[in-house]
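This is a predicted model, so every value here is computed, not measured. Heavy atoms only: backbone and side chains are in, while hydrogens, waters and symmetry mates are out.
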Amino acid sequence: MDKENKQYRSDNTNTGLRKKGPAGKILRFLLSMFLLAAILFAGLLEYLTLTEYRPQEREHVAVSPWPGDPIYPGISLKVMTWNCGYGALGDNADFFMDGGKSVMTADRERVRNNLAGIEQTAAQLQPDVCFLQEVDRNSTRSHHIDELIEINNTLMEDYELDYIPAFAYNFDVEFVPFPIPPIGKVRSGIMTLTDISIGSAERIQLPCPFKWPVRLGNLKRCLLITRTPVRESEKELVLINLHLEAFDDGEGKIAQTKALRDILNEEAVKGNYVIAGGDFNQTFNNTDISAYPQQEGKWQPGTIDTEEFGDDWQCLMDSDVPTCRSLDQPYAGADHDTFQYYVIDGFIVSSNIEVKSCETRDIGFVQTDHNPVLMECVLK
C-alpha cells in the first residue's frame with residue numbers, strides 16, 4: 001500500500017510540474033522581451049543623447065557671394081512669408097499631432113507636386129524677400145528630398161529669379177521614435193530667399209521649452225537674421241525669419257515671443273529698418289478672427305498682446321483669408337464652411353517702414369496647410 005501511495009504521489013507531482021512548465025516558459029519569454037525592450041529603449045535614449053542637436057546661442061550662417069540688389073531709403077519691397085509644410089501637408093493630409101491620424105502624409109510624387117505648386121506661386125508673386133518655414137533637407141517624412149536645393153534651383157533655373165538663399169536648422173534629429181509608425185529622421189529649418197544683397201546672416205537660438213528626454217525628439221527653434229547695409233544711410237535692413245513653438249503648454253510661445261521682442265528692441269535702438277515675418281503659431285490681439293471661431297477639441301493657437309511691443313512696431317496679420325487650416329482631417333472632400341481655420345502668419349515691422357498692404361493670398365491649402373502672406377512696404 002505504501003508503495004502504491006508513493007507511486008501515486010510521484011505521478012501526481014510529475015503531472016503538476018508538467019502543467020507548470022508551459023506557463024513558466026511564457027513568463028520567462030515575456031520577461032526576456034521586457035528586458036530586451038528596456039535595453040533597446042535605453043540604447044535609443046543614449047544614441048539620441050549622443051547625437052542631439054546642440055546649436056550655439058548665436059551661429060554664423062553662410063550665404064552666397066552673389067551681390068544682389070542694393071538697398072536705399074525710399075525703395076519699395078515685396079515680402080512674403082509662407083509655411084511650406086515640408087512639402088507633405090497638402091489638402092490630402094491630416095496629422096496626428098493636430099488631432100488627425102496620419103504620420104506619413106504624402107508619397108514622394110505628392111511631395112514633388114506640392115513643391116512645384118509652392119514654387120509656381122512664389123514665382124507668380126515675385127517677392128523681393130521670401131520667408132519660408134518647414135523646409136526639409138533630408139527627412140523621412142518628405143522622402144529625403146533636399147527641398148532647399150529643389151526650391152532654390154527651380155526658382156532660379158525654371159523661373160529665372162536670382163534669389164540668394166540663407167538657411168538655419170530648427171529641427172535636426174536622427175530618429176524621432178514616436179508615434180507608431182515613427183516619424184524617423186528629420187532635418188528641417190527656415191529659409192530666407194532674397195534678391196537684395198546680404199551683408200551677413202546669423203542663427204539665433206530661441207528658448208526650448210522641453211526637458212530631457214522629450215527635447216531629444218523635438219525642435220530647437222531659432223531666428224534666422226540677415227543684414228543688408230542701406231546705402232546713403234548708417235542703417236541696416238534687418239530681415240528676421242521665424243517659426244515659433246506650436247505644441248507646448250504655452251510657456252514656450254511666451255518665452256520665444258519675449259526673446260523676439262528683446263531682439264527687435266535692440267534693433268530699434270540702432271534705428272535699423274526691421275521686418276520680422278513667419279509662422280507665429282499665435283494670433284495678434286489686434287486681428288479680428290471672429291470669422292474663425294475656436295472649435296472644441298481642436299488645436300488652439302496662443303495670443304500675442306501687440307501693446308507689449310510698443311509704438312516702435314507694427315504687428316500685421318490679414319484675417320480676410322485664413323492663413324492656416326487645421327490638420328485634424330484632410331481638407332479635400334471636407335465641408336470647408338465648418339472647417340477650423342486660423343490666422344497665425346504675419347509680420348512685425350519697424351515704424352520707419354511704411355506698410356502699403358498686407359494680404360493673405362488664398363491658395364486653397366492645396367500644397368500646404370498654410371496660405372502665403374504678402375506685404376508691400378517702403379523704407380522711409
Side-chain angles (χ1 to χ4, degrees), residues 64 78-95 97-98 100 102-173 176 183-195 219 224 241-243 246 277-279 323-325 327 330-332 345 360-374:
S64 169
K78 287 200 299 183
V79 185
M80 181 185 78
T81 181
W82 199 0
N83 185 324
C84 299
Y86 51 92
L89 296 179
D91 60 2
N92 67 303
D94 65 322
F95 188 57
M97 289 287 286
D98 209 9
S102 301
V103 179
M104 296 296 291
T105 55
D107 58 23
R108 188 179 184 85
E109 181 180 3
R110 180 63 197 251
V111 172
R112 290 204 175 277
N113 288 340
N114 288 341
L115 291 175
I118 291 168
E119 293 153 1
Q120 182 180 42
T121 298
Q124 289 171 347
L125 297 178
Q126 291 195 5
D128 300 291
V129 178
C130 295
F131 292 139
L132 303 179
Q133 300 87 41
E134 292 194 11
V135 178
D136 278 8
R137 300 211 61 186
N138 183 15
S139 303
T140 304
R141 63 188 186 179
S142 53
H143 306 278
H144 303 281
I145 296 171
D146 191 333
E147 296 178 352
L148 183 153
I149 300 298
E150 175 82 19
I151 293 172
N152 187 61
N153 286 357
T154 300
L155 292 177
M156 181 174 62
E157 296 172 4
D158 294 357
Y159 295 103
E160 299 180 347
L161 297 173
D162 292 326
Y163 284 130
I164 302 169
F167 181 86
Y169 285 106
N170 60 12
F171 202 174
D172 190 353
V173 180
V176 180
I183 296 173
K185 182 174 183 176
V186 180
R187 300 197 75 202
S188 186
I190 52 182
M191 177 182 181
T192 298
L193 294 169
T194 177
D195 60 11
L219 291 91
L224 174 57
N241 190 348
L242 60 91
H243 186 190
D279 179 354
T323 72
C324 180
R325 62 98 171 175
L327 283 165
Y331 195 64
D345 305 83
T360 305
R361 294 301 182 97
D362 189 358
I363 312 299
F365 303 114
V366 176
Q367 291 90 22
T368 171
D369 58 321
H370 289 251
N371 277 320
V373 184
L374 187 68

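- Not counting sequence neighbours, the partners of Phe365 by the ring pair (Phe, Tyr, Trp, His ring centres under 6.0 Å) test are Tyr331.
- Nearest heavy-atom pair, Thr368 versus Gly85, reported as atom, atom and distance to 0.1 Å: OG1-N, 3.4 Å.
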| task | Take Tyr86 and Ser139 through the test side-chain contact (heavy atoms from CB on, under 4.5 Å) and record every step on the way to the result. | result | CA-CA 9 Å; Tyr86 51 92; Ser139 303; over 6 Å; no
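- The shortest distance between side-chain heavy atoms of Glu134 and Phe171 does not fall below 4.5 Å.
- Summarising the geometry of Arg325 relative to Gly90, their closest heavy-atom pair is NH2-O, 2.8 Å, with the distance given to 0.1 Å.
- In this structure Asp172 satisfies the salt bridge (charged side-chain N to carboxylate O under 4.0 Å, His left out) test together with Arg187, sequence neighbours excluded.
- Heavy atoms only, all atoms of each residue included: Gln133 and Asn241 are closest at NE2-OD1, 3.1 Å.
- Side-chain contact between Phe167 and Asn152 is absent, with no heavy atoms from C-beta onward closer than 4.5 Å.
- Going from atom SG of Cys84 over to atom CD1 of Ile151 covers 4.5 Å, rounded to the nearest 0.5 Å.
- A pairwise comparison of heavy atoms in Gly364 and Asn371 identifies N-OD1, 3.6 Å as the closest pair.
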Show me the donor-acceptor pairs, under 3.5 Å and distance only, between side chains in residues 104-119 and residues at least two apart or in other chains.
unit_1	atom_1	unit_2	atom_2	d
Thr105	OG1	Ala88	O	2.5
Asp107	OD1	Glu109	N	3.3
Asp107	OD1	Arg110	N	2.8
Arg108	NH1	His143	O	2.6
Arg110	NE	Asn114	OD1	2.9
Arg110	NH1	Asn92	OD1	3.3
Arg110	NH2	Asp91	OD1	2.9
Arg110	NH2	Asn114	OD1	3.4
Arg110	NH2	Val366	O	2.9
Arg112	NH1	Glu150	OE1	3.0
Asn113	ND2	Glu109	O	3.4
Asn114	ND2	Gly87	O	2.8
Asn114	ND2	Arg110	O	3.4

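- Residues passing the side chain to side chain contact (heavy atoms under 4.5 Å, CB included) test with Val373 are Thr81, Thr323, Asp345, Phe347, Cys358, Thr360, sequence neighbours excluded.
- Residues that satisfy the side chain to side chain donor-acceptor pair (under 3.5 Å) test with Asn138, not counting sequence neighbours, are His144.
- For the side chain to side chain donor-acceptor pair (under 3.5 Å) test, no residue two or more places apart in sequence or in another chain qualifies with Asn170.
- Looking at heavy atoms from C-beta onward, Phe131 lies out of side-chain contact with Ile190 at the 4.5 angstrom threshold.
- For Asp158, there are no salt bridge (charged side-chain N to carboxylate O under 4.0 Å, His left out) partners two or more places apart in sequence or in a different chain.
- Applying the salt bridge (charged side-chain N to carboxylate O under 4.0 Å, His left out) test to pairs two or more places apart or on separate chains, those with a residue in residues 137-147 are Asp136-Arg141, Arg137-Asp146.
- For Val103, the side chain to side chain contact (heavy atoms under 4.5 Å, CB included) partners are Phe96, Pro179, Ile183, not counting sequence neighbours.
- Listed for the Trp82 side chain is a donor-acceptor partner under 3.5 Å among the backbone atoms of His370.
- Under the salt bridge (charged side-chain N to carboxylate O under 4.0 Å, His left out) criterion, Asp279 pairs with no residue, sequence neighbours left out.
- Not a single donor-acceptor pair under 3.5 Å links the side chain of Ser64 to the backbone N or O of Pro165.
- The heavy-atom pair separating Thr121 from Pro372 by the smallest distance is CG2-CG, 4.5 Å.
- Under the side chain to side chain donor-acceptor pair (under 3.5 Å) criterion, Asp162 pairs with no residue, sequence neighbours left out.
- Here the closest non-hydrogen pair linking Ala166 and Leu224 is O-CD2, 3.4 Å.
- Applying the side chain to side chain donor-acceptor pair (under 3.5 Å) test to Asp94 and every residue at least two apart in sequence or in another chain returns Ser102.
- Counting only distance, with no hydrogens or angles, the side chain of Asp128 and the backbone of Asp195 share no donor-acceptor pair below 3.5 Å.
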